[in-house]
Amino acid sequence: MATEQEVRTALGSVLDPEIRRPITELDMVRSIEVDAGTGVVTVLVALTIAGCPMRETITKDVRAAVEKLDGVPSCTVEMTVMTDEERTDLRTKLRGGKAEPVIPFSQPDSLTRVYAVASGKGGVGKSSVTANLAAAMSAQGLKVGVIDADVYGFSIPRMLGVETGPTKVDDMILPPLSGEIKVISIGMFTQPGKAVVWRGPMLHRALQQFLADVFWGDLDVLLLDLPPGTGDIAISVAQLLPGAELLVVTTPQLAAAEVAERAGSMAQATNQRIAGVIENMSWLDQPDGTRLDLFGSGGGAKVAQRLTEVLGTDVPLLGQVPIEVALREGSDNGAPLVGTGSQSPAAQVLRDVASTLGQRSRGLAGRKLAISPVG
Ligand code: ADP
């Protein structure tokens, strides 16, 4: 027969499917009873909200963990719901002891690297690059979060195969997952089919809410898919996330200098670092082995060079991603190319860029340091 302590230890391996922490740590295990006659175990679990969409997953996981123990013929799972007070305690706990929402990524001790993915215009593959970088970084073992703020087309959930929406626990938002990637899109909060014109202040508030109210946990990397162009959102990002770095996505064909100039002066004005340039749709490998420069060539290198001149710091061209049908199909099917194990040139470049960005120590540029000079 198992002891109560053995059951509790076994339950330590059951993660809340949304919060990704052990249910024992979240005070969700209310009672454990081991029947003295039969050895049957009954576990009472408190859900964060009634009608929790993850009810079945939790039941299944609890049973599996407990029934693995020697001497347990079966496990019954009973459910209750947290009181308002218990939920408030949980929120405070998840916020690291802070009662009010704060943006964890703008705290001086945050170790999360934040990359805001920007482009001069739409359709250059900014969202595809974001989704694939997220998938590659996650496959490389990093904890990754993605915010889709591209109000001209919320494509990140589709590209990452996220079909469910977020769960709200009072005013805390638990993001849905794509594998282990936490994903939030402004599109999850708008009514389908209803057009919304996103003005600067609205977007700022939405972004602020996502950064502060969404439970991100300890992320290694946060990627933001920005709307194309250099609008108000860039200023919001700089204000809300002073440590964020920009990733500029371009095609070879764009009026490179112009894009560079704009992105560069924006970065300068907002005191943001540019982590590098990614050229997308660089060429098409043809069946006869030749390359077709569908959109010209050299744009990425030119943008990187101009940004380096404008900013006076090295802005590298991180990679050139060729055009591949499989990449487009992966985005359409919710299975990013890099996550499929593909060894195609595009998948390899995206993985290389992901490991470069994932390994960099986070930049201090533009951050207010929590120390003041002495003397
Ligand atoms: P943006 O976010 O810049 O508007 P998207 O990522 O939505 O651009 O890409 C626009 C279209 O181009 C999508 O259908 C996408 O699947 C496709 N696409 C992007 N990059 C590539 C690529 N390297 N090869 C093939 N198709 C691509």
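The line from CD1 of Ile32 to CG of Leu44 is 10.0 Å long, rounded to the nearest 0.5 Å. Rounding to the nearest 0.5 Å gives a distance of 6.5 Å between CE of Met281 and OG of Ser128. Atoms CZ and CG, on Phe105 and Leu241 in that order, are 8.0 Å from each other to the nearest 0.5 Å. Between Gln208 atom CD and Ser236 atom OG the span is 9.0 Å, to the nearest 0.5 Å.
Side-chain contact check for Val151 versus Leu203: some heavy-atom pair is nearer than 4.5 Å. With a 4.5 Å cut-off on side-chain heavy atoms, Gln209 and Ile173 count as touching. By the 4.5 Å heavy-atom criterion applied to side chains, Pro17 and Ile58 are counted as neighbours. Contact check for Leu133 versus Ile278: side-chain heavy atoms found under the 4.5 Å cut-off. Contact annotation: the side chain of Met79 approaches that of Arg55 to within less than 4.5 Å [non-hydrogen atoms, C-beta and beyond]. You'll find the side chain of Pro104 stays beyond 4.5 Å of the side chain of Thr112, heavy atoms only. With a 4.5 Å cut-off on side-chain heavy atoms, Val214 and Pro166 do not count as touching. When side chains are defined from C-beta on, Asp225 does not count as touching Ile147, because their heavy atoms never get closer than 4.5 Å.
If you chain together hydrophobic residues whose side chains sit under 4.5 Å apart, Val102 and Met172 never meet in one group. Hydrophobic clustering keeps Val183 apart from Leu15 (ILVMFWY residues linked when any side-chain heavy atoms are closer than 4.5 Å, directly or through intermediates). In the hydrophobic cluster analysis, where Ile, Leu, Val, Met, Phe, Trp and Tyr join through side-chain heavy atoms closer than 4.5 angstrom, Val353 is grouped apart from Met159. Hydrophobic clustering keeps Val62 apart from Val81 (ILVMFWY residues linked when any side-chain heavy atoms are closer than 4.5 Å, directly or through intermediates). The same ILVMFWY cluster, assembled from side-chain heavy atoms under 4.5 Å apart, contains both Val41 and Leu69.
Residues satisfying the side-chain hydrogen bond (donor to acceptor under 3.5 Å, both in side chains) criterion with Ser185, sequence neighbours excluded, are Asp148. Listed by chain and residue number, nothing satisfies the side-chain hydrogen bond (donor to acceptor under 3.5 Å, both in side chains) test with Arg21 (two or more places apart in sequence, or in another chain).
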Checking His204 against Asp232 for the side chain to side chain contact (heavy atoms under 4.5 Å, CB included) test, could you report, in this order, the C-alpha distance in whole Å, the side-chain angles of both residues, the deciding distance, and whether it holds? CA-CA 8 Å; His204 184 90; Asp232 296 340; over 6 Å; no

The test is side-chain hydrogen bond (donor to acceptor under 3.5 Å, both in side chains); show your working for Asp89 and Thr92 and say whether it passes. CA-CA 5 Å; Asp89 288 348; Thr92 307; 5.4 Å; no

Worked verdict on Thr250 versus Asn280 for side chain to side chain contact (heavy atoms under 4.5 Å, CB included): CA-CA 6 Å; Thr250 180; Asn280 186 34; over 6 Å; no

Before giving the answer on side-chain hydrogen bond (donor to acceptor under 3.5 Å, both in side chains), spell out for Thr340 and Ser342 the whole-Å C-alpha distance, their side-chain angles and the decisive distance to 0.1 Å. CA-CA 5 Å; Thr340 62; Ser342 164; 4.8 Å; no

Show the numbers, then the answer: is there a side chain to side chain contact (heavy atoms under 4.5 Å, CB included) between Val34 and Met1? CA-CA 8 Å; Val34 184; Met1 193 174 296; 3.7 Å; yes

Checking Gln359 against Ser355 for the side-chain hydrogen bond (donor to acceptor under 3.5 Å, both in side chains) test, could you report, in this order, the C-alpha distance in whole Å, the side-chain angles of both residues, the deciding distance, and whether it holds? CA-CA 6 Å; Gln359 277 159 20; Ser355 49; 4.9 Å; no

Which is it for Val43 and Cys75 under the side chain to side chain contact (heavy atoms under 4.5 Å, CB included) test, yes or no, and what are the steps along the way? CA-CA 7 Å; Val43 180; Cys75 170; 4.1 Å; yes

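In this structure, the side chain of Thr270 engages the main chain of Met266 through a donor-acceptor pair within 3.5 Å. Listed for the Ser127 side chain is no donor-acceptor partner under 3.5 Å among the backbone atoms of Ile156. Under a 3.5 Å cut-off, the side chain of Glu25 and the backbone N or O of Pro22 do not form any donor-acceptor pair. Side chain of Ser344 to backbone of Ala347: a donor-acceptor contact under 3.5 angstrom is found. Arg351 places a side-chain N or O within donor-acceptor distance of the main-chain N or O of Val338, the cut-off being under 3.5 Å. Looking only at distances, no side-chain donor or acceptor of Lys126 sits under 3.5 Å from a matching main-chain atom of Ala118. Although no hydrogens or angles enter the test, the distance criterion places a donor-acceptor pair under 3.5 Å between the side chain of Asp16 and the main chain of Glu18. A donor-acceptor distance shorter than 3.5 angstrom exists from the side chain of Thr190 to the backbone of Gly187, with no hydrogens or angles considered. Under a 3.5 Å cut-off, the side chain of Gln272 and the backbone N or O of Gln268 do not form any donor-acceptor pair. No donor-acceptor pair under 3.5 Å is formed between the side chain of Tyr115 and the backbone N or O of Ala275.
Checked for salt-bridge contact, Asp220 and Arg113 miss the test: no charged N lies under 4.0 Å from a carboxylate O. Salt bridge annotation for Arg20-Glu180: present, with a cationic side-chain nitrogen under 4.0 angstrom from a carboxylate oxygen. Taking the charged nitrogens against the carboxylate oxygens, Lys143 and Asp218 have no contact shorter than 4.0 Å, which rules out a salt bridge.
Counted by atom type alone, Glu279 and Ser282 present one or more donor-acceptor pairs between their side chains at under 3.5 Å.
Other residues, nucleotides and ligands contribute only 12 or fewer heavy atoms inside 6.0 Å of the CD atom of Glu163. Heavy atoms from other residues, nucleotides or ligands lying under 6.0 Å from NZ of Lys93 number more than 12. Within 6.0 Å of CZ on Arg30 lie more than 12 heavy atoms contributed by other residues, nucleotides or ligands. Within 6.0 Å of CZ in Arg87 there are more than 12 heavy atoms belonging to other residues, nucleotides or ligands.
Taking all atoms of both residues into account, the shortest heavy-atom contact from Asn132 to Leu337 is OD1-N, 3.2 Å. Counting all heavy atoms, side chain and backbone alike, Val146 lies closest to Leu222 at N-CD1, 4.2 Å. Considering every non-hydrogen atom in both Leu226 and Ala116, the closest pair reads CD1-CB, 3.8 Å. The two residues Val124 and Ser119 have their closest heavy-atom pair at CG2-CB, 3.6 Å. Across every non-hydrogen atom of Ala267 and Leu246, the tightest pair is CB-CD1, 4.2 Å. In terms of heavy atoms, Thr83 sits closest to Glu86 at N-OE1, 2.8 Å.
Residue pairs satisfying the salt bridge (Lys or Arg N to Asp or Glu O under 4.0 Å) criterion with at least one member in residues 315-329, sequence neighbours excluded, are listed as follows: Arg328-Asp332.
The aromatic ring centres of Phe189 and Phe154 sit 6.0 Å or more apart.
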